[in-house]
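Counting starts at 1 for both ligands and their atoms, in listed order.
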Amino acid sequence: MHATEAPPLRTPLHGTPLRMTLRFALQRIETGFDAAFGAKANPCRHLGGTAFFLFFVVAGTGACLYAAFDTRVDGAYESVERITRGAWPLSGVARSLHRYASDAFVLIVLLHGLREWINGHAHGFRWYSWVSGVPLVWLVYASGLGGYWLVFDRLALWSLVATTEWLDALPLFGGALARNFIADGVTNRLFSLLIFLHIGIPLALLLGMWVHIQRISRPRTRPPRLLAFGLTAALVLLSLAKPATSDAPADLALASPNVHPDWLYQAIHPLFYASSGTLLWIAAGALTVALGLLPWLPPAKRPPAARVDLANCNGCGRCFADCPYVAVTMRPRTDGRPLPREAVVDAALCAACGICAGACPSSTPFRSGEVLHTGIDLPQRPIGSVRDELARGLANLRGAPRVVVFGCDCAANARALQASDTAVLSLPCAAMWPPSFVEFALRSGVDGVLIAGCRDGDCAYRLGNRWIEQRLRGMREPHLRGTVPIERVETAWCGPFDGTALARELARFRERLGALPAARLALFKRRQEVIDG
Ligand code: HEM
Ligand code: SF4
Ligand code: SF4
């Protein structure tokens with residue numbers, strides 16, 4: 001055993017025991033989904049994109065329904081009935097799809113928020129994504145609730161009365177809403193307002209969804225094709241098996257109609273009648289504020305942001321292309337060098353993941369000079385000190401086959417694998433490892449390099465394992481050089497609870513390395529020695 005590494009900047013597992021237990025349970029559930037759908041199409045990893053997809057299904061079917069909808073209060077109910085019976089082929093399916101996709105939408109949004117919280121994404125640099133997500137829940141809810149009113153059946157009236165009574169508990173309305181409503185009934189003017197709200201609120205929601213993803217580069221706003229197809233097919237089948245229907249026409253004379261609420265959208269009404277409007281507003285307001293403040297409860301220290309060293313930056317833009325959180329911008333050069341651009345980091349957006357350092361062409365351990373300076377670096381984990389650690393670790397290796405593990409602080413704890421024949425180093429994200437470090441290790445005498453990161457498609461910094469795979473396959477810069485014996489490089493995607501799986505991956509890799517002919521590795525090293533002179 002030897003000490004090759006600096007202590008991790010953050011432990012892979014941190015949080016309250018409740019959140020850790022839930023996280024463990026979530027990982028187990030997601031393992032099941034991985035087996036059924038494959039890691040990349042796992043629906044749990046595409047909840048945000050699925051929410052986008054469902055929004056457009058709801059908007060599309062809504063636009064079709066609107067074409068046959070009578071916007072007068074007297075004609076609305078009958079027009080919905082016509083749609084249900086078949087105003088045009090499959091119009092009934094369109095209505096049912098509109099309703100069921102709305103139900104799925106609210107469910108998926110809640111699951112997405114819950115998953116983000118369980119995974120610890122309500123804190124730190126993600127505060128913006130979290131805080132901008134909270135009002136979306138209300139907007140989704142208000143959009144769906146308002147849809148039920150347009151059917152203008154008994155359920156609509158019940159929901160409308162309950163909502164106006166609840167709104168009346170706010171000092172702003174002073175009890176006037178329900179009073180006017182009972183006195184005048186639902187006029188065409190009021191009904192037009194309801195229609196306006198049912199179109200306006202979803203448009204505000206769309207704007208909110210756009211705002212929500214502004215601090216994420218390459219946001220996954222579309223689920224994988226198979227998932228989108230499967231979800232649509234399931235919703236269509238449900239629409240055919242159990243078509244959405246209306247209640248009896250609205251009747252203001254009926255004091256308390258016997259209705260069957262949609263528990264996803266209308267559970268708030270029985271809650272209102274069981275408590276009081278004021279109490280419900282206080283509870284809803286307190287919950288919203290608490291959720292909005294969650295990123296700062298308790299306040300946490302953020303690690304220092306990445307820093308650019310202009311003397312080592314040629315303005316290539318790779319850090320800009322690879323940053324998962326739009327923290328890097330390319331600006332006109334300011335240091336007088338004859339280069340068009342330079343990288344600039346916005347510290348407020350930076351996740352301190354180090355992926356940019358892994359992308360920078362200056363982050364190569366082969367550069368001469370006692371201290372390795374790179375174009376963009378993490379002050380708390382400079383690439384230069386990582387090279388020195390690696391060199392020390394490689395020098396201490398004994399036995400065969402000798403392996404170096406390039407680990408990730410957010411994934412399974414690679415440090416547990418350290419042994420006399422295994423050097424382990426860990427960085428904030430596995431994509432902080434430039435491919436040239438793989439070559440450096442192989443040239444320095446190891447028999448194999450294992451890169452260990454988060455589960456496939458579930459990188460803590462979103463894009464890490466995708467970039468690694470592309471860099472290793474030569475599809476992305478900086479790429480692993482074609483002369484490197486790729487059969488001696490392996491990846492292992494294991495989450496923070498998958499320590500045993502990672503140990504198994506290493507054992508399998510060792511077995512494979514043991515069976516490989518040594519000639520190609522020897523040739524690669526000899527060729528490099530000749531090139532290096
Ligand atoms: C209409 C509702 C919503 C939609 C359409 C939506 C969509 C998305 C999408 C597409 C992403 C990017 C995923 C990726 O590419 O990695 C995302 C990220 C995120 N969302 Fe939402 N979201 C919604 C509601 C919420 C809610 C209610 C919360 C929590 C209160 C939330 C919290 C987050 C967080 C924390 C991230 C950042 C994940 C990361 O940085 O890795 N979202 N959302
Ligand atoms: S450390 Fe991560 S978030 Fe910060 S600039 Fe680099 S790639 Fe972007
Ligand atoms: S990757 Fe490095 S050299 Fe290229 S723009 Fe970014 S800091 Fe500069």
Quiz item: After noting the C-alpha distance and the side-chain angles of S159 and H269, does the key distance pass the side-chain hydrogen bond (donor to acceptor under 3.5 Å, both in side chains) rule?
Solution: CA-CA 7 Å; S159 173; H269 302 326; 2.9 Å; yes

Exercise. Mark up the atoms of ligand 2 that fall under 4.0 Å of a heavy atom belonging to A352, in ascending order.
Key: 1 (S), 4 (Fe)

Quiz item: In this structure, are over 12 heavy atoms from other groups packed under 6.0 Å from R222 atom CZ?
Solution: no

Quiz item: Nearest to atom 16 (O) of ligand 1, what protein heavy atom do you find, and at what distance?
Solution: R462 NE, 2.8 Å

Quiz item: Is there side-chain contact between T374 and D309, with at least one heavy-atom pair below 4.5 Å?
Solution: no

Self-check item: For atom 6 (Fe) of ligand 2, the protein heavy atom that lies nearest, with its residue and separation
Solution: C356 SG, 2.3 Å

Quiz item: Can you tell if the side chain of C44 reaches within under 4.5 Å of the side chain of R115, non-hydrogen atoms only?
Solution: yes

Practice problem: Report the nearest protein non-hydrogen atom to atom 10 (C) of ligand 1: residue, atom name, distance rounded to 0.1 Å. | Solution: R220 O, 3.4 Å

Exercise. Working to the nearest 0.5 Å, report the span between CG of L390 and CZ of F437.
Key: 6.5 Å

Quiz item: Looking at W130 and L291, what are the two nearest heavy atoms and their distance?
Solution: NE1-O, 2.7 Å

Quiz prompt | Numbered atoms of ligand 3 (with element) below 4.0 Å of M330, judged on heavy atoms | solution = 5 (S)

Quiz prompt | N465 (side chain) donor-acceptor with C454 (main chain) under 3.5 angstrom | solution = yes

Quiz item: Does any N, O or S atom of C360, backbone or side chain, fall under 2.8 Å from atom 2 (Fe) of ligand 3?
Solution: yes

Exercise. Write out the residue and atom name of the closest protein heavy atom to atom 27 (C) of ligand 1, then the distance separating them to 0.1 Å.
Key: G133 O, 3.2 Å

Quiz item: Counting both backbone and side chain atoms, is some N or O of Y325 under 3.5 Å from an N or O of ligand 1?
Solution: yes

Quiz item: In terms of residue, atom name and distance, what is the protein heavy atom nearest to atom 35 (C) of ligand 1?
Solution: H121 O, 3.4 Å

Quiz item: What residue and heavy atom of the protein are closest to atom 3 (C) of ligand 1, and at what distance?
Solution: L136 CD1, 3.7 Å

Exercise. List the closest protein heavy-atom neighbour of atom 4 (C) of ligand 1: residue, atom name, distance to the nearest 0.1 Å.
Key: A51 CB, 4.0 Å

Quiz item: Where the closest heavy atom to atom 1 (C) of ligand 1 is concerned, which of R215, M209, R218, R222 has it?
Solution: M209

Practice problem: Specify side chain, backbone, both or neither for A357, according to which of its non-hydrogen atoms lie closer than 4.0 Å to ligand 2. | Solution: neither

Quiz item: Is the backbone of A244 close enough, under 3.5 Å, to the side chain of S96 for a donor and an acceptor to pair up by distance?
Solution: yes

Self-check item: Nearest-neighbour protein heavy atom for atom 2 (Fe) of ligand 2, which is reported as residue plus atom name and distance
Solution: C353 SG, 2.2 Å

Exercise. For C410 and Y461, run side chain to side chain contact (heavy atoms under 4.5 Å, CB included): C-alpha distance rounded to whole Å, both residues' side-chain angles, the deciding distance at 0.1 Å, then the answer.
Key: CA-CA 9 Å; C410 302; Y461 296 110; 3.7 Å; yes

Quiz item: Looking only at protein heavy atoms, which one is nearest to atom 4 (Fe) of ligand 3, and how far off is it?
Solution: C316 SG, 2.3 Å

Quiz item: Any N or O of H212 that comes nearer than 3.5 Å to an N or O of ligand 1?
Solution: yes

Quiz item: To the nearest 0.1 Å, how far is atom 12 (C) of ligand 1 from its closest protein heavy atom, and which atom is that?
Solution: I216 CD1, 3.8 Å

Quiz item: Of all the non-hydrogen atoms in the protein, which one sits nearest to atom 3 (S) of ligand 2, and at what distance?
Solution: A351 N, 3.2 Å

Self-check item: Rounded distance (nearest 0.5 Å) linking atom NE2 of H198 with atom CG of L145
Solution: 10.5 Å

Quiz prompt | Residues, nucleotides or ligands: over 12 heavy atoms within 6.0 Å of W210 CH2 | solution = no

Quiz item: What do we get for I213 next to ligand 1 when only non-hydrogen atoms under 4.0 Å count, side chain, backbone, both or neither?
Solution: side chain

Quiz prompt | Heavy atom of G315, distance to ligand 3 below 4.0 Å | solution = yes

Quiz item: In terms of residue, atom name and distance, what is the protein heavy atom nearest to atom 34 (C) of ligand 1?
Solution: S129 CB, 3.6 Å

Practice problem: Walk me through it: do T491 and E469 pass the test side-chain hydrogen bond (donor to acceptor under 3.5 Å, both in side chains)? | Solution: CA-CA 8 Å; T491 51; E469 279 184 347; 5.0 Å; no

Quiz item: Short list, please: which atoms of ligand 3 are under 4.0 Å from a heavy atom of C319?
Solution: 1 (S), 5 (S), 6 (Fe), 7 (S)

Quiz item: Which bit of R341 is near ligand 3, meaning a heavy atom under 4.0 Å away: side chain, backbone, both or neither?
Solution: neither

Exercise. Flag H112 as yes when one of its N or O atoms lies below 3.5 Å from any N or O atom of ligand 1, and as no otherwise.
Key: yes

Exercise. State the atoms of ligand 2, each with its element, that fall below the 4.0 Å cut-off from a heavy-atom position in G354.
Key: 1 (S), 2 (Fe)

Practice problem: Measure from the side-chain N and O atoms of R367 to the backbone N and O of L372, and report whether any donor-acceptor pair falls under 3.5 Å. | Solution: no

Self-check item: N/O separation below 3.5 Å, R126 to ligand 1
Solution: yes

Quiz item: Is there a side-chain contact between I486 and L480, using heavy atoms and a 4.5 Å cut-off?
Solution: yes

Self-check item: Element-labelled atoms of ligand 3 that are located less than 4.0 Å from some non-hydrogen atom of I376
Solution: 7 (S)

Exercise. Pull out every atom of ligand 1 sitting under 4.0 Å from any heavy atom of G113, numbered as shown with elements.
Key: 28 (C), 29 (C)

Exercise. For Y66, look at atom OH and say whether over 12 heavy atoms of other residues, nucleotides or ligands are found less than 6.0 Å away.
Key: no

Quiz item: Does the side chain of E490 reach to within under 4.5 Å of the side chain of I451, using non-hydrogen atoms?
Solution: no

Quiz item: Looking only at heavy atoms of N314, does any of them come nearer than 4.0 Å to an atom of ligand 3?
Solution: yes

Quiz item: What is the nearest protein non-hydrogen atom to atom 8 (Fe) of ligand 3, stated with its residue, atom name and distance?
Solution: C313 SG, 2.4 Å

Quiz item: Is the count of non-hydrogen atoms from other residues, nucleotides or ligands lying under 6.0 Å from R333 atom CZ greater than 12?
Solution: yes

Quiz prompt | Closest approach of any protein heavy atom to atom 5 (S) of ligand 3, naming residue and atom | solution = G317 N, 3.3 Å

Quiz prompt | Rounded distance [0.5 Å steps], OH in Y265 versus CG in D262 | solution = 7.5 Å

Quiz item: Is ligand 1 less than 4.0 angstrom away from at least one heavy atom of F55?
Solution: no

Practice problem: Tell me, please, whether Y128 has R126 positioned over its six-membered ring: NZ or CZ under 6.0 Å from the ring centre and within 45 degrees of its axis? | Solution: no

Quiz item: Atoms of ligand 2 less than 4.0 Å from V328 heavy atoms?
Solution: 5 (S)

Practice problem: Report, in ascending order of atom number, the atoms of ligand 3 lying under 4.0 Å from any heavy atom of G375. | Solution: 7 (S)

Exercise. Pick, from E116, H46, R45, the option with the minimum heavy-atom distance to atom 38 (C) of ligand 1.
Key: E116

